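Keep in mind that what you see is a predicted model, and the values were worked out from it rather than measured.
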Amino acid sequence: MSRGYNFSSGPAALPESVLAQARDEMLEWRGARASVMEISHRGKDFIALAEESERDLRALMSVPASHKILFLQGGATQHFAQIPMNFAAGRTADYVVTGSWGQKAAKEAKPSCTVRIAGSSEAAGFLKLPDGYAFDPSAAYVHVTTNETIGGVELHVLPSTGDVPIVADMSSNILSRPIDVSRYGIIYAGAQKNIGASGLVVMIVREDLLARCPPTLPNILNYSAHVKEGSMLNTPNTFGWYLASLVFKWLANQGGVERMGEINGAKAKVLYDYIDGSGFYSNPIDRACRSRMNVPFRLADEALDGKFLAESEAAGLLALKGHRSVGGMRASIYNAMPVEGVKALIDFMKDFAKRQG
Ligand code: PMP
């Protein structure tokens, strides 16, 4: 086996014990005499998995009874478009833009509603949070991206929006620490970072908002219809749902999101502390909004980027290349990245810097 420490931004590393369990259950799952991929989603075995995974996620995130949980498809990008169709049709929606995913979400909303930018740090190169917000009290919702995966900017404090519901793209920091779900109208996340495999989207939606879903929408695009059908309006991504269910059990065994929050905080701190003190590496993001999940960094001389990447890869530290729009490096250190992986990265970075004289 030559698995490395995988710093990919997504699809990202999964807990090794989850992969091992999926391997062990690949040919036959829970006595079903078939794999979980080969059985009906409407059979009692899969329904039991669906219900249990929802219960587990509800417990992990302390999701209140006021909120429904959906297991959907389409990637977060589809929901950039579908959320305004359902919740802001013909109205105005406020968007807070702290990076390129927020920008994409706002762009995809434009065909369905009037998009207002209520705060943006674009002029500051997305290196800090917006200086302030100008919310419209009559907006259908305020959309935020709680963690910008590419830029490495995290919203550590949710803005106050009064009675206007917050819609949060939490794709890259869901389940990374405790949050108060009751403060959100909608939380949605592509699964391929902290939940499981790509192709699955988890959505948590406040039930009263479902009354807004226009009955003129085709059912497949209508969240209210998906809730009515228990996320089984059509064939769900059963294998993705199964993997998510294993990750939820793994998280509970780790001590839940409280413990993950402590571990993630500690992992990010050692890495940022090292970068800041190194004199060779740098991270340009305002400390108040640095991401605990995605740590972009630059080398003192970008001519060394190729060498750094080749040597880190050879040392078993995978996928450290930064996003093409930002350049440099990026270490994504989601829940499944153990502290040892971050330590191995820092050891490598120290050694590499020293060798450049
Ligand atoms: N939002 C965020 C914060 C992301 O990081 C990503 C993907 N990395 C997306 C949305 C888009 O997700 P998908 O590719 O699943 O549509």
Side-chain angles (χ1 to χ4, degrees), residues 4-15 75-77 96-105 121-122 124-129 144-157 168-177 179 188-196 198 257 260-261 263-276 278 281-299 305 308-309 312 317-339 341-346 348-349:
Y5 286 121
N6 180 4
F7 295 92
S8 171
S9 60
L14 283 165
T77 305
V96 170
V97 180
T98 50
S100 43
W101 290 112
Q103 256 175 339
K104 285 207 170 82
S121 51
E122 188 176 4
F126 296 129
L127 300 180
K128 60 186 190 93
L129 293 182
V144 298
T145 310
T146 52
N147 186 65
E148 282 287 351
T149 321
I150 294 174
V153 169
E154 190 164 1
L155 269 187
H156 296 297
V157 181
D169 173 6
M170 223 174 259
S171 293
S172 54
N173 68 348
I174 193 167
L175 290 163
S176 67
R177 64 169 162 190
I179 57 156
Y188 66 108
Q192 63 267 30
K193 293 119 178 13
N194 267 342
I195 295 174
S198 61
V257 289
M260 284 328 299
I263 297 171
N264 288 326
K267 278 169 7 192
K269 182 171 179 348
V270 285
L271 186 48
Y272 283 115
D273 282 353
Y274 169 64
I275 290 170
D276 291 341
S278 69
Y281 303 98
S282 60
N283 169 284
I285 307 299
D286 181 2
R287 282 166 203 235
C289 59
R290 282 175 164 181
S291 167
R292 296 156 310 123
M293 298 282 104
N294 309 97
V295 182
F297 62 92
R298 290 184 169 282
L299 278 55
D305 284 4
F308 181 95
L309 284 169
S312 56
L317 306 167
L318 313 181
L320 284 163
K321 191 171 173 26
H323 191 268
R324 59 190 179 279
S325 64
V326 174
M329 309 298 151
R330 171 177 46 170
S332 295
I333 51 174
Y334 301 114
N335 285 345
M337 173 59 64
V339 179
V342 176
K343 288 197 172 134
L345 171 62
I346 293 172
F348 172 83
M349 289 168 74

Using atom types as modelled and distance alone, determine if a side-chain donor or acceptor of Q192 lies under 3.5 Å from a backbone N or O of A12.
-> no
Between the side chains of D169 and T145, is a donor N or O closer than 3.5 angstrom to an acceptor N or O?
-> no
So how far is it from L299 CG to M329 CE, rounded to the nearest 0.5 Å?
-> 5.0 Å
Walk me through it: do F126 and V97 pass the test side chain to side chain contact (heavy atoms under 4.5 Å, CB included)?
-> CA-CA 9 Å; F126 296 129; V97 180; 3.9 Å; yes
Quick one: pull up CG in L345 and NZ in K267 and give me the separation to the nearest 0.5 Å.
-> 12.0 Å
Atom pair NE2 (H156) and CG (N147), whose distance is rounded to the nearest 0.5 Å | 8.0 Å
Measure from the side-chain N and O atoms of E154 to the backbone N and O of T146, and report whether any donor-acceptor pair falls under 3.5 Å.
-> no
Which atom of I174 lies closest to which atom of I195, heavy atoms considered | CG2-CD1, 3.8 Å
Stepwise side chain to side chain contact (heavy atoms under 4.5 Å, CB included) check, S176 with N335 | CA-CA 6 Å; S176 67; N335 285 345; 4.0 Å; yes
So do Y5 and P338 actually touch side chain to side chain, heavy atoms under 4.5 Å?
-> yes
Quick one: side chain to side chain donor-acceptor pair (under 3.5 Å) partners of T98, sequence neighbours excluded?
-> none
Using the side-chain contact (heavy atoms from CB on, under 4.5 Å) rule, pick out the option among N283, I285, V153 that qualifies with L127.
-> I285
Without swapping roles, check the side chain of R292 against the backbone of K269 for a donor-acceptor pair under 3.5 Å.
-> no
For F7 and G341, which heavy atoms make the closest approach, and how far apart are they?
-> CZ-O, 3.5 Å
Backbone of S9 reached by a side-chain donor or acceptor of Y334 within 3.5 Å | yes
N/O donor-acceptor pair under 3.5 Å between S121 side chain and A124 backbone | no
Between I150 and R330 the two heavy atoms that sit nearest each other are CA-NH1, 3.4 Å
For a quick test of your reading: what N or O donor-acceptor pairs under 3.5 Å do the side chains of residues 318-327 make, sequence neighbours left out?
unit_1	atom_1	unit_2	atom_2	d
H323	ND1	S325	N	3.1
H323	ND1	S325	OG	2.8

Taking atom CG of N264 and atom OG of S291, what is their separation to the nearest 0.5 Å?
-> 9.5 Å
Could you state the interatomic distance from OG (S332) to CE (M337), rounded to the nearest 0.5 Å?
-> 8.5 Å
First locate atom SG of C289, then atom CG of D286, and finally report the distance between them rounded to the nearest 0.5 Å.
-> 4.5 Å
Check step by step if side chain to side chain contact (heavy atoms under 4.5 Å, CB included) holds for R298 and S282.
-> CA-CA 5 Å; R298 290 184 169 282; S282 60; 3.9 Å; yes
Considering residues at least two apart in sequence or located in another chain, which fulfil the side chain to side chain donor-acceptor pair (under 3.5 Å) criterion with K343?
-> none
Taking every heavy atom of A76 against every heavy atom of S171, the minimum-distance pair comes out as CB-OG, 3.5 Å
T149 and K193: CA distance, side-chain angles, deciding distance, side chain to side chain contact (heavy atoms under 4.5 Å, CB included) verdict | CA-CA 10 Å; T149 321; K193 293 119 178 13; 4.0 Å; yes
Identified ring-ring contact (aromatic ring centres under 6.0 Å, His included) counterpart of Y281 within the set Y272, F297, F348 | F297
